[in-house]
Every structure is written in C-alpha cells, then in structure tokens.
Protein chains: 2
Amino acid sequence: MSAAARGAQNGTVAERIHARFDDLTRAERQLANALLENYPVLGLNSIAAVADASGVSMPTVARMAKKLGFDGFPELKDKLRSELEETITNPIAKHDRWAESAPDTHILNRFADAVQENMHQTLRQISLEAFNETVDLLADTEREVYVVGGRLTRALADYLFTHMQVIRGGLTLIKSNSNTWPHYVLNMKPGDTLVIFDIRRYEYDLLRLAEMARTQGATVVLFTDQWRSPVAKHAAHSFHCRIEAPSAWDSNVAIMFVVEAIIAAVQNLRWTETRDRMKALEDLFDQTKLFKKF
Amino acid sequence: MSAAARGAQNGTVAERIHARFDDLTRAERQLANALLENYPVLGLNSIAAVADASGVSMPTVARMAKKLGFDGFPELKDKLRSELEETITNPIAKHDRWAESAPDTHILNRFADAVQENMHQTLRQISLEAFNETVDLLADTEREVYVVGGRLTRALADYLFTHMQVIRGGLTLIKSNSNTWPHYVLNMKPGDTLVIFDIRRYEYDLLRLAEMARTQGATVVLFTDQWRSPVAKHAAHSFHCRIEAPSAWDSNVAIMFVVEAIIAAVQNLRWTETRDRMKALEDLFDQTKLFKKF
DNA sequence: CCTTTTCTGAAAATTTCTTTACAGACTCGC
DNA sequence: GCGAGTCTGTAAAGAAATTTTCAGAAAAGG
C-alpha cells in the first residue's frame with residue numbers, strides 16, 4: 001500500500017483529503033477546499049447543506065466520502081465529530097495560533113505575526129489620496145509608465161510590470177543595469193510616470209534616476225519602507241510600507257499587498273479594455289501552444 | 001416575558017439549558033447534564049446517539065429541544081454548529097477597519113480582508129513537515145538548487161533566488177524561455193533541488209520540466225495555489241497557498257509570505273556562513289561604488 | 001391507599017437525509 | 001474532428017433519522 005493510499009485510510013479527514021488530493025476530480029477538489037476552508041464545521045452539516053455550500057451536487061459529496069475511505073458521508077461526519085471531541089477535550093488552547101500544528105515559537109508563526117503587524121501598520125498610515133491618485137496616473141494611457149526596482153525589489157517591479165501589461169500598453173520595465181538608465185530617461189516625456197521601488201539599503205543610482213526623471217517632467221511614484229528612501233524628495237506620491245521581519249532581511253509582503261491593491265484598482269477603472277486585452281492574450285497563448293505542438 | 005423565558009428563546013444552547021433548568025423534568029435534567037458535560041460535541045450526534053449516551057429515550061431529547069425554544073432537535077443541532085463556527089472562525093477576521101480613513105468598501109480594505117483570509121487559510125493548512133524538510137533541502141549546499149517560475153510567478157522565483165544568493169552558492173535561476181530548459185535539466189544531478197512556482201493558469205511546460213527533473217533524480221518543491229498545479233504529482237513537497245482576491249487576478253501575497261518564512265528559516269540554519277557572505281557582499285558593493293566614482 | 005396528573009419510552013408514522021441509477025456534459029487521446 | 005472513457009448532476013429509490021402516538025410507570029395530592 002502506498003503512503004498516499006495509507007494516508008487515505010487513516011488519519012484525520014483533513015489529512016486524508018491532503019493525501020488523496022491528487023486523485024480528486026474538479027468538483028471534488030472544489031468540495032475539498034470548501035471543507036478545509038471551514039473545517040470542521042462545514043462537514044458537520046447534512047450532505048445537502050455541504051453540497052450547497054460547496055457548489056457541487058450531493059452525489060459528489062457522497063462519492064468523495066467513499067474515495068477517502070469512509071463507508072459513506074455519515075461516517076465521515078462521525079469522524080469529524082470525534083476529531084472535534086479530541087481537540088476540545090485536549091486542554092491546549094489552539095485558537096490564536098496561525099499554523100496550529102506548530103508551536104508559537106516556530107518561525108512560521110513568528111513570521112505570520114510580523115507580517116500581520118506590518119500590513120496593519122502599512123494600512124493605517126497609507127494615504128488614501130496618494131493611493132487614488134496613483135491609480136489614476138497608472139490608468140491614464142496618455143502617460144507612458146516606467147517601472148524600476150533595486151536589487152531586492154526588482155521582483156516587485158517585475159510583478160507590477162507583468163500585471164500592468166495585461167491592463168494597458170505604453171509600459172516599460174527598466175533593466176537592472178543602471179548603465180542603461182540614461183537611455184530610458186531620454187525617452188521620458190512630461191506627464192510620464194516613473195514607479196520606483198526602493199527599500200533599504202537604498203540605492204544611490206535610483207535617487208539619481210528619480211532626479212533626472214523629474215527634470216524631464218515625469219511624475220515619480222515611490223514604494224519604500226518606513227524609513228523612506230531619499231527618492232521621496234522627488235516623488236509626487238510615496239508609499240511607506242512596514243518591512244520588519246524576525247530575520248536578517250526585511251519582509252516585502254506589505255509592499256506586494258499595496259501593489260496588488262493598486263493593480264486591482266487600476267484594473268477596475270479600465271475594466272472594459274482590460275477584459276478585451278485578457279481575451280486577446282488568451283487567444284495568443286492558445287496560438288503559441290498550437291504552434292509549439294508542430 | 002420573564003428573563004428565564006427570554007433566555008430560553010435566545011442565546012446559546014448552553015445558556016438556554018441553564019435558563020430553563022428548573023423547568024426540566026428528571027429525564028430531561030439527566031439529558032441536559034450529559035449535553036453540558038460534552039459540549040457541544042455530544043449534541044452534534046443524531047438524536048438516537050444522544051439519547052443513548054444520556055440514558056434517556058429519543059422522544060425525551062426531541063421534547064427538550066422544543067422546550068428550549070427550538071422547532072425540533074435538528075434545529076438545536078444547527079444552533080450548536082453555528083456556535084461552533086463562531087468560536088472557531090478566526091477572531092482576527094473581525095478586524096477594526098484596516099485603513100481607517102477609507103470606507104469598508106474601498107478596494108484597499110476589501111483587498112486587506114482577502115489577503116488576511118488567504119494568509120490564515122494558507123497557514124492553517126500548511127504542512128509543517130513539508131516546510132521543515134524544504135528548509136533542510138535548501139540549506140544543504142551539497143545540492144544544487146534550481147528555481148523557476150511561470151508567467152505570473154516569475155517575480156517570486158526571482159525574489160527567492162535573489163535572497164538565497166546571499167545565503168548560499170550553487171543556485172541557478174532558470175530563465176523564462178522554456179526552449180532553454182533542457183540544458184538546465186542536463187546539468188541536474190541526483191539530489192539536486194528544483195523549486196517550481198506554478199499557479200493557475202498552470203503552464204504545461206513546467207509540468208514537463210518537473211517530469212524531466214525528477215527523472216534526473218532531482219527533488220521537486222512546488223509552490224502553487226489551492227487548486228494545485230499538476231506539477232504536484234512530481235513534487236516531493238508542495239505548498240498550497242490561497243490566492244483569492246477581489247480582482248480579476250489572484251493575489252500572490254500568501255505565497256510570498258511562505259517564501260519569506262522559508263528564506264528566514266534557511267538563513268537561521270546557516271547563520272554563520274550567511275553572515276560572512278553578507279559581509280563580503282557589502283564589501284563588494286562598496287568596491288563597485290568606489291569604482292564608479294572615478 | 002387510591003385517584004389524578006405528569007412523565008417516560010416503545011413502536012409506528014412521518015419526514016428528512018443519503019445513496020443509487022442513469023443520462024448528458026466534458027475531457028482526453030487518436 | 002471524432003469516439004472512448006470519465007465526470008457530474010438530476011431525479012428516483014432506499015435508508016435513516018425524527019416526530020407522533022399511545023400505553024404504562026412514576027409522582028403528587030388527597
């Protein structure tokens with residue numbers, strides 16, 4: 001008997017789901033996720049309620065219960081109940097922990113706390129005005145948009161660029177190599193937008209770039225940390241995200257969160273165009289696929 | 001209406017029992033005590049099981065449910081379930097608004113809610129075993145480490161790569177262009193590690209890559225979403241992160257969080273070496289700077 | 001100690017839930 | 001683009017649970 005099959009015959013319902021997830025069909029996965037998202041309470045409902053809440057049919061629920069090694073759905077329900085009894089009888093308070101199986105001191109939980117706090121602080125201090133105006137800037141196709149990041153934030157610049165590419169044209173991702181930057185600046189027109197990512201340790205070249213871009217009449221938007229990159233001097237809008245982490249490095253999660261929220265907001269503003277572009281993109285991907293096959 | 005009577009019509013099941021305890025008959029009190037002793041799990045069983053466990057008859061159970069203001073026993077059961085849901089549901093989810101100046105419906109706050117929920121779900125389901133073993137794999141300098149991402153996850157691959165570069169050598173970031181992939185596979189040795197990022201829409205080429213890598217004897221680690229990339233079939237460890245967002249795209253924040261936590265854990269394991277490398281890196285940056293100045 | 005009232009549980013009746021059967025939809029491979 | 005196989009949901013059959021009925025038992029009051 002394989003490890004996966006054994007996992008499907010024993011252990012908690014959650015474990016069995018994980019163990020056999022690969023064998024599950026689309027509808028079953030949908031159901032499995034619903035069960036895990038609201039574990040274990042959802043599974044304590046009747047089969048009809050579970051099916052309804054998961055958006056699948058009743059037979060799918062019954063079938064999956066069998067697939068997980070139970071005699072039928074009621075038996076799965078019994079298992080959930082007894083698991084719950086175990087958990088509740090067990091006096092260890094498990095509720096305020098993130099990863100329940102891990103001790104509070106595990107790096108996962110400490111990191112989760114830090115990220116949580118970073119997001120909270122970032123949001124509390126964010127300027128709604130800067131947010132909305134940045135969204136307007138990025139949604140405006142009259143303006144070219146340039147995106148650049150430093151050593152550790154290059155990935156974020158790339159991320160923003162990739163998503164914005166679907167939403168609009170007129171985008172440029174500025175390469176890491178600062179030798180080439182003057183060429184980009186040469187092309188900037190008044191009204192263009194330059195998005196800069198810069199967290200400590202701040203990069204001097206980015207400061208120069210911002211300075212030059214502003215001289216050319218470009219509007220600078222900056223994503224930085226709470227200590228603020230010197231680029232802020234040249235930025236029309238800047239976002240100061242918390243980046244503290246229980247590690248030798250900083251956490252960029254809060255920055256990524258703000259970036260994603262901005263992408264979502266821009267996409268809302270330009271939904272019709274975005275939808276068309278997404279459709280076109282899908283078609284192109286399909287063509288590439290066909291092309292590769294032969 | 002008296003306080004007791006009101007208590008019997010509202011509040012938790014436990015409260016209702018206490019409120020009307022004086023009105024209960026002998027068999028009912030016996031039942032009530034059994035329910036409270038094993039609260040709330042016993043009450044989630046069938047009426048027959050409850051009757052049996054309490055040493056009373058089924059009609060007694062049904063009658064008491066009505067006496068407590070329910071329509072019947074199933075309704076009491078529903079109430080217990082929803083109480084449980086309240087208790088178990090993440091207490092942090094009921095946040096005081098994130099960005100206080102913004103309305104709850106502002107995209108920032110809706111996004112914050114989604115990200116919060118994604119992190120919570122991701123952590124709840126993460127396999128600690130997979131986490132720890134992945135950390136060990138990445139900390140082991142005997143193994144070459146390869147990192148690759150898809151169109152939307154390339155940035156995450158890049159992020160992991162950039163950070164790991166400081167911690168250790170023997171790292172390769174696989175380029176986006178899948179034409180070049182066979183060359184990388186050619187170099188893989190048994191024991192090497194391949195980290196793949198793949199979220200929907202899943203990329204067929206990544207599946208092929210994973211397959212080839214495994215054939216070469218490499219260990220595959222996968223970061224994917226809750227629907228799981230087909231790459232999971234070939235992965236020794238996979239992380240299923242929640243990516244839901246109030247937008248046409250998915251949120252990669254939870255994935256980035258797990259990646260950062262892993263980086264932090266690897267760095268802890270290799271702290272002495274990492275510190276030396278960081279120092280050396282600083283020096284090199286300083287030299288570059290000097291070089292540029294003249 | 002007997003009558004009246006209330007309570008309790010066995011068993012039937014009913015309702016609700018679960019499973020099975022089947023046919024349409026979809027996918028995958030050729 | 002087409003056929004074999006798989007998956008999924010509707011609807012009916014079957015199983016299980018719940019409620020009701022009712023008769024006997026226990027308690028309360030005289």
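Chain letters run A, B, ... following the sequence lines, proteins first and then strands; every chain starts at 1. Computed from a predicted model, the values in this text were never measured in an experiment.
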Salt bridge flag under 4.0 Å for residues [X] and [Y]:
X	Y	result
A:Asp78	A:Arg81	yes
B:Lys79	B:Glu83	yes
B:Asp113	B:Arg110	no

Between [atom2] of [N] and [atom1] of [X], the distance in whole Å:
X	N	atom1	atom2	value
A:Leu31	D:dG9	CG	C1'	14 Å
A:Leu24	D:dT6	CG	P	17 Å
A:Asp71	D:dA15	CG	P	14 Å
A:Met64	D:dG9	CE	P	13 Å
B:Asp52	D:dA17	CG	P	12 Å
B:Asn45	D:dA16	CG	P	16 Å

B:His240 vs A:Phe21 aromatic rings, parallel, tilted or perpendicular, using cut-offs 30° and 60°?
->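 Ring orientation of B:His240 relative to A:Phe21: parallel.
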
Would you call the rings of B:Tyr146 and B:Tyr184 parallel, tilted or perpendicular, where under 30° means parallel and over 60° means perpendicular?
->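 The arrangement is perpendicular - the two ring planes meet at more than 60°.
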
Consider the side chain of B:Lys66, meaning its heavy atoms from C-beta on, and name the nucleotide among D:dA17, D:dT20, C:dT19 that approaches it most closely.
-> D:dT20

Contact pattern, 5' to 3', of nucleotides 5-12 of chain C - B, S or - by protein heavy atom under 4.0 Å | --SBBB--

For A:Val166 against A:Met278, the heavy-atom pair lying closest together |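 Where A:Val166 meets A:Met278 most closely, the heavy atoms are CG1-CG, 3.4 Å.
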
Can a donor-acceptor pair be found between the side chains of A:Glu260 and B:Asn252 at a distance below 3.5 Å?
->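 A:Glu260 vs B:Asn252: no donor-acceptor pair found between side chains.
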
Nucleic acid contacts - residues 73-81 of chain B versus DNA chain C, non-hydrogen atoms under 4.0 Å | none

Is the NZ or CZ atom of B:Arg16 both under 6.0 Å from the centre of the six-membered ring of B:Phe70 and within 45° of that ring's axis?
->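 Yes, B:Arg16 lies over the aromatic ring of B:Phe70.
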
